[in-house]
Protein chains: 2
Amino acid sequence: MTGSIPAGYDPYAYEPFAVTVDLAVFTVRAGQLHVLLIRRAQEPHRGAWALPGGFVLPRESAERAARRELAEETGLPARLVGELHLEQLRTYSEPDRDPRMRVVSIAFTALVPDLPEPSEQGGGDADRARWVPVERTGELAFDHGRILADARTRIGAKLEYTCLATAFCPPEFTLGELQAVYETVWDTVLDRPNFRRKVLATPGFVEAVPGAARLTGGRGKPAALYRAGPATALHPPLLRPEGHRR
Amino acid sequence: MTGSIPAGYDPYAYEPFAVTVDLAVFTVRAGQLHVLLIRRAQEPHRGAWALPGGFVLPRESAERAARRELAEETGLPARLVGELHLEQLRTYSEPDRDPRMRVVSIAFTALVPDLPEPSEQGGGDADRARWVPVERTGELAFDHGRILADARTRIGAKLEYTCLATAFCPPEFTLGELQAVYETVWDTVLDRPNFRRKVLATPGFVEAVPGAARLTGGRGKPAALYRAGPATALHPPLLRPEGHRR
DNA sequence: ACAAAAGTGTTGCACTTACACCCATGT
DNA sequence: ACATGGGTGTAAGTGCAACACTTTTGT
């Protein structure tokens, strides 16, 4: 930015901007991609469903504000919120996106494993927080429908060339569970043998937990367990098939 | 965002935030990646080099502000600024990034063809605007060094899986020029026959200008001319070689 | 015995890589 | 003639899609 502010500038001279954060937090549950929504307890859009979020405080970075609001508004465990991988999506700045005043919102995305339902009574401005299948969110408050659509597009693309999919899994997981993440987010079917080769051939994507195994569907051979590895990028990418949808 | 603002909220009650835009505008010139910088005419950081940008006005979106500031501060042709492909990079919101007050900055990137040097006397808050090789920018004002580094990383990655490289080229260009863009941004050498096959095999990446040809280095066979096509994504991607740097 | 889920092998096609070669133009 | 840059051909190597097959468990 450049200084069109002269030496004796008064920060209160202009109509102020408010700066908020909004979070699109996803999980994979029962073969469906879910997003964490809250029901608004205040006007405007009182009673409507919205992405969790809120105002950035004067001495807080956007990322800290995002963690604070997430902890306040949803029942997510504090430990999880603290360690969560947050990623900036983009900033929404259209002048009329909030009827009250000029609000610029910095949107974040996060991926979490399947968790117990958040505590029923929300904190802060939220009535309650719920996991909602992304296909059944209906209309959201403000421009949150658009933010959610942008976030979905982004995470779909990120699965192709990053190791982010493990963020949807519990600390120890099977390759079948990891494959289900891809199939759910992309709404496709993947070839199991090829998927497993691809994942195992990428150094640092997953690490075997020696000796550990777990039954998945009640029947069948127990699957070996893996942990997320240190790798972050996926070279070469795991390309999403274009043809056959699920 | 959620409404912690009660009905009778006074927008002036809190310490206000200022919202700015910053632009990392790149071009390829003489085999080097250049970025557009301005010299600050005002405190703070008076006399230092910085990315162009400035305050978002009360009724303006961030993208509109970016175009306005770019036109005001640099001598870039109005037509070009209007049609420019701007892309949000990310938003920088650390509390102390500007010593004057709380400033949240939305950063954009843009790619332009090699242009004549901008008009010498800058407008607005800029002394003057100049194209500077990215390797020789030195220290920049505020956190602009970090913004510039993030922008470089992003455009390098974008060349792999989008058709964005044509934005660096004039309206009609040769495949040699397009290849030079990749080689400059990635600092690598690419195999010419393979590069041309790859580009031509991607539908909508480039379109031949029938019959047109141009001499490039003064010598050699005149090269056929191409225009940017309608495609925006590059499937499969054009992967950056990892080994041999230029 | 059978179903279900994990895991292994193999084959063929598609694509990329690396490099040899030809073409058109200026000096 | 030859240097320079554009453009074509091709053979070896690589990676991946597709699908058949084996293994281990529960009922």
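Worth saying up front: this structure is predicted, and the values here are computed from it rather than measured. Just so it is clear: chains get the letters A, B, ... in the order the sequence lines come, proteins before strands, and each one is counted from 1.
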Report task. Would you sort out whether E135(A) and R152(A) count as a salt bridge (Lys or Arg N to Asp or Glu O under 4.0 Å), showing the intermediate values? Result -> CA-CA 11 Å; E135(A) 303 298 350; R152(A) 278 189 76 181; 3.3 Å; yes

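- Under a 4.0 Å N-O distance rule, the pair E183(B)/R192(B) does not qualify as a salt bridge.
- As rounded to whole Å, 12 Å separates atom P of dG6(D) from atom CG of L178(B).
- Here dT25(C) presents its P atom at 16 Å from CZ of R214(B), a figure rounded to the nearest Å.
- We find that CD of Q179(A) is positioned 12 Å from C1' of dA5(C), with the value rounded to whole Å.
- Checked for salt-bridge contact, R214(A) and E172(A) miss the test: no charged N lies under 4.0 Å from a carboxylate O.
- Screening V21(A), L89(A), V25(A) for a side-chain contact (heavy atoms from CB on, under 4.5 Å) with F108(A), the sole residue that qualifies is V21(A).
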**Report entry** Contact state string [nucleotides 20-27 of chain D, B base, S sugar-phosphate only, - no protein heavy atom under 4.0 Å]
**Finding:** B--BBBS-

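- Regarding L190(A), its CG atom lies at a distance of 15 Å from the P atom of dC19(D), rounded to whole Å.
- Look at R40(A) and E73(A) and you find no salt bridge, because none of the NZ, NE, NH1 or NH2 atoms lies under 4.0 Å from a carboxylate O.
- Listed in residue order, the members of residues 223-235 of chain A having a heavy atom less than 4.0 Å from DNA chain C are A223(A), A224(A).
- For the residue pair Y92(A)/D150(A), the side-chain donor-acceptor check at 3.5 Å is satisfied.
- Taking every heavy atom of both residues into account, L140(B) and G145(B) meet most closely at CB-N, 3.9 Å.
- The number of heavy-atom neighbours closer than 6.0 Å to CZ of R64(B), taken from other residues, nucleotides and ligands shown, is 12 or below.
- When the shell of 6.0 Å around CZ of R68(A) is examined, it contains more than 12 heavy atoms from other residues, nucleotides or ligands.
- Rounded to an integer number of Å, the gap from CG of L239(A) to P of dA14(C) is 17 Å.
- Rounded to a whole Å, the CG atom of D191(B) is 13 Å from the C1' atom of dG9(D).
- S93(A) and I106(B) get closest at one heavy-atom pair: CB-CD1, 4.4 Å.
- Taking a 4.0 Å limit (strictly below) on heavy-atom distances, residues 194-204 of chain A reaches DNA chain D at N194(A), R197(A), K198(A).
- Judged by distance alone, with hydrogens and angles left aside, the side-chain atoms of K198(B) form a donor-acceptor pair with the main-chain N or O of P237(B) at under 3.5 Å.
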